[in-house]
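Here the structure is a predicted model, which is why all the values come from computation and not from measurement. We name chains A, B, ... by the order of the sequence lines, and we start the count at 1 in each one.
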Amino acid sequence: MENVEEKKPLNFIEQIVEEDLKADYSTDKLKFRFPPEPNGYLHIGHAKAFCLNFGLGERYNAPVNLRFDDTNPSKEEQEYVDAIKHDLSWMGMKWEEECYSSDYFQQLYDWAVLLIEKGKAYVDSQSSEDMATQKGTPTKPGVNGPFRDRTVEENLDLFTKMKQGEFKEGEHILRAKIDMTHANMLMRDPIMYRVMHKSHHRTGDDWCIYPMYDWTHGESDYIEQISHSLCSLEFKPHRELYDWFLDQVHDEKLRPKQREFSRLNLTYTIMSKRKLMQLVEENLVNGWDDPRMPTLSGLRRRGYTANAIRKFIDTAGVSKRDQMIDVALLESCIRTDLNKSTNRIMAVLDPIKLVITNYPEGETEIVVADNNPEDENAGQREMVFSRELYIERNDFLEECPRKVFKLGIGKEVRLKHGYIINGEEVVKDADGNVVEVRCTYDPKSKSGSGSEESKRKVKGTLHWVSASHNVSAHVNVYDRLFTEENPDGDKEVDFKTLINEDSLSVLSNCKVELALKEAKPQERYQFQRLGYFCVDDDSTSEQLIFNRTVTLKDFWAKKTK
RNA sequence: UGCCCGAUGGUGUAACUGGCAACACGUCUGUUUUUGGUACAGAAGAGUCCAGGUUCGAGCCCUGGUCGGGCAACCA
């Protein structure tokens with residue numbers, strides 16, 4: 001077991017840490033952080049980031065802080081803080097300290113004053129349009145604005161007044177004084193503070209100036225003494241600024257370093273928080289925890305386990321290339337997990353009545369079945385077998401070829417845990433729809449009886465429930481949310497036009513085994529031959545609701561497509 | 001017409017830092033099976049973006065290209 005762990009090659013971030021350890025770092029200096037902005041729910045892309053950070057913490061027995069990057073009160077809310085903490089806990093992540101960038105507002109302010117005093121920051125009083133023009137473009141250097149050379153005194157005075165609320169939003173901002181011609185656009189006098197007359201979810205109305213990301217992040221890392229500040233690739237150009245800001249305040253304490261890795265993308269879904277928010281706000285899905293969402297809360301409601309998600313992240317790996325991971329890998333992870341852990345149950349999603357004409361009327365018998373053939377300790381359960389049953393509509397084909405694993409007229413099939421039956425006739429309504437299938441059974445073929453008849457090879461085994469011994473249920477059948485592998489891929493195409501119309505089908509006439517009568521939210525089962533299902537959060541004993549997590553691997557379905 | 005990343009089977013990640021490209025998912029075959037599941041056995045699929053160079057030897061190093069991604073919010 002440990003050998004397997006040892007053998008696993010280090011990802012490039014772990015290699016960086018190892019090299020630092022060999023050079024001037026000692027293990028006790030290692031410290032990491034996961035810094036979500038509380039402006040939305042965590043999704044599986046975030047899972048990569050926090051699994052990396054918390055994984056590093058575990059590997060080196062180093063602390064990992066949870067730090068909410070809450071510098072923009074117009075977007076951030078307590079609701080998201082709570083949801084993020086809940087999701088992280090569910091994923092089994094244990095943080096050292098719960099921190100907030102807003103905890104450092106005073107320190108950040110004091111440092112900003114220091115920068116002004118050193119002539120490294122100034123108050124600009126132009127419109128954002130003018131500043132944008134002066135900033136130039138990636139290929140054209142910027143030019144200095146008219147307020148760039150204000151005196152320290154004037155800057156101090158203005159900045160103080162900004163803080164005291166004497167200005168309206170947009171009137172003044174504080175910028176770092178770096179280089180308007182720098183090849184890196186981020187170094188062209190980046191904004192450090194803006195005036196915002198908004199209440200903050202933690203600091204209330206204490207502040208009306210709020211620091212920007214670049215000014216806040218590295219300094220927060222420094223305050224918390226984070227050794228390795230890991231973020232996604234789009235922040236690579238920010239590293240230069242991260243380092244510049246650190247240069248301004250750094251003394252002898254440990255200096256954090258930013259390193260970047262690529263984000264995780266999954267086929268047939270989107271990871272943009274902004275777009276996920278749009279789906280929620282425009283009611284294109286039923287909330288952040290809609291089981292079709294790639295959010296952790298959505299996956300949880302869908303029936304995914306934290307274990308499977310961790311395994312998936314681990315298998316996907318960490319690198320600097322853009323990754324678009326096949327959702328089939330995620331599905332493989334949850335199947336592997338659930339195969340071992342869930343009890344099997346029989347459920348008929350689209351029932352059609354099956355009458356065994358030679359089975360004595362009014363009689364019933366108990367059949368016994370293993371709960372999980374993959375787990376000897378899972379025990380057994382009992383089911384009622386009777387003359388009238390329900391089978392899957394789709395498991396009957398009037399004229400059924402021999403090689404197809406279904407019931408047909410004149411074609412035999414086995415009822416799982418029950419008897420072998422032979423199709424005799426169909427009953428149809430006026431429109432020609434099959435409303436009932438009539439068959440005969442071989443009384444000597446009972447499963448597990450050991451009789452010659454029971455051992456007969458039969459093409460096909462069907463699941464069933466007794467017509468008068470079952471529980472009704474609703475089942476939500478989910479499919480991928482988008483019709484395209486990369487709905488976010490084409491800037492010309494609105495991702496919302498790529499939503500899969502059939503991503504949710506609600507089946508309201510399902511019949512499940514009596515054993516599920518008291519099933520509680522979050523319980524997971526394998527409905528035999530159909531897939532893995534999870535009891536929905538809204539399920540009650542009056543109205544059972546199941547969500548399909550994932551189908552069983554099904555070659556037949558693929559072939560017939 | 002700038003700067004910064006990246007490029008290995010369909011997808012993702014490896015290759016002991018220069019020694020005849022491996023693992024997982026997916027695909028396909030077969031065996032077992034009272035789930036067309038699981039398990040097991042096996043196969044196909046890349047010669048590492050291109051062109052030079054260094055070297056006995058290059059996916060790894062060097063040079064020059066090509067392609068893909070990112071960078072101009074008072075967002076993070």
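- With A:M185 as reference, A:P138 is the one residue of A:P138, A:P141, A:P237, A:P190 to meet the side-chain contact (heavy atoms from CB on, under 4.5 Å) rule.
- Note: NZ (A:K416) to C1' (B:U33) measures 9 Å, nearest angstrom.
- The C1' atoms of B:C23 and B:A46 are separated by 14 Å, rounded to the nearest whole Å.
- Atom name C1', nucleotides B:A72 and B:C67: the rounded distance is 24 Å, in whole Å.
- No hydrogens or angles were tested; on distance alone, nothing pairs the side chain of A:Q323 with the base of B:U13 as donor and acceptor under 3.5 Å.
- At a threshold of 4.0 angstrom between heavy atoms, the contacts of A:S262 with the nucleic acid are absent.
- Side-chain to base pairing of A:R321 with B:U8: one donor and one acceptor N or O lie within less than 3.5 Å of each other.
- Nucleotides B:C75 and B:G37 have their C1' atoms positioned 47 Å apart, rounded to a whole Å.
- Atom OH of A:Y532 and atom P of B:G37 are 11 Å apart (whole Å).
- Looking at heavy-atom distances under 4.0 Å, A:L552 makes contact with a base.
- Looking only at side-chain heavy atoms (C-beta outward), A:L330 and A:I44 come within less than 4.5 Å of each other.
- Under the Watson-Crick or G-U wobble criterion, with both distances below 3.5 Å, B:G30 is paired with B:C40.
- Of the charged side-chain nitrogens involved, at least one lies within less than 4.0 Å of a carboxylate oxygen, so that A:D189 and A:R148 count as a salt-bridged pair.
- Distance from the side chain of A:M131 is smallest to B:C74 among B:C74, B:G36, B:C3.
- Counting any heavy atom pair closer than 4.0 Å across all strands shown, A:D322 reaches sugar-phosphate atoms only and no base atom.
- Comparing B:C74 with B:U66, their C1' atoms are spaced 40 Å from each other, to the whole Å.
- Counting distance only, with no hydrogens placed and no angle test, the side-chain atoms of A:E260 and the base atoms of B:G6 include no donor-acceptor pair under 3.5 Å.
- Residues A:D221 and A:R67 are paired through a salt bridge, judged by an N-O separation under 4.0 Å between the basic side chain and the carboxylate.
- Spacing between B:C61 and B:A7 at atom P, rounded to whole Å, works out to 10 Å.
- By the 5.5 angstrom centroid cut-off and the 30-degree plane limit, A:Y213 is classified as not stacked against the base of B:A76.
- Distance CZ (A:F12) to P (B:C60): 20 Å, rounded to an integer number of Å.
- Using a 4.0 Å heavy-atom criterion, one finds that A:P36 contacts no nucleic acid atom at all.
- Separation of the C1' atoms belonging to B:U8 and B:C49 is 10 Å when rounded to the nearest angstrom.
- Among the nucleotides B:U38, B:C74, B:A72, the one closest to the side chain of A:M185 is B:A72.
- Counting to the nearest Å, the P atom of B:G36 and the CG atom of A:L397 are 15 Å from each other.
- Between A:H417 and A:M346 the shortest heavy-atom distance is CD2-CE, 4.1 Å.
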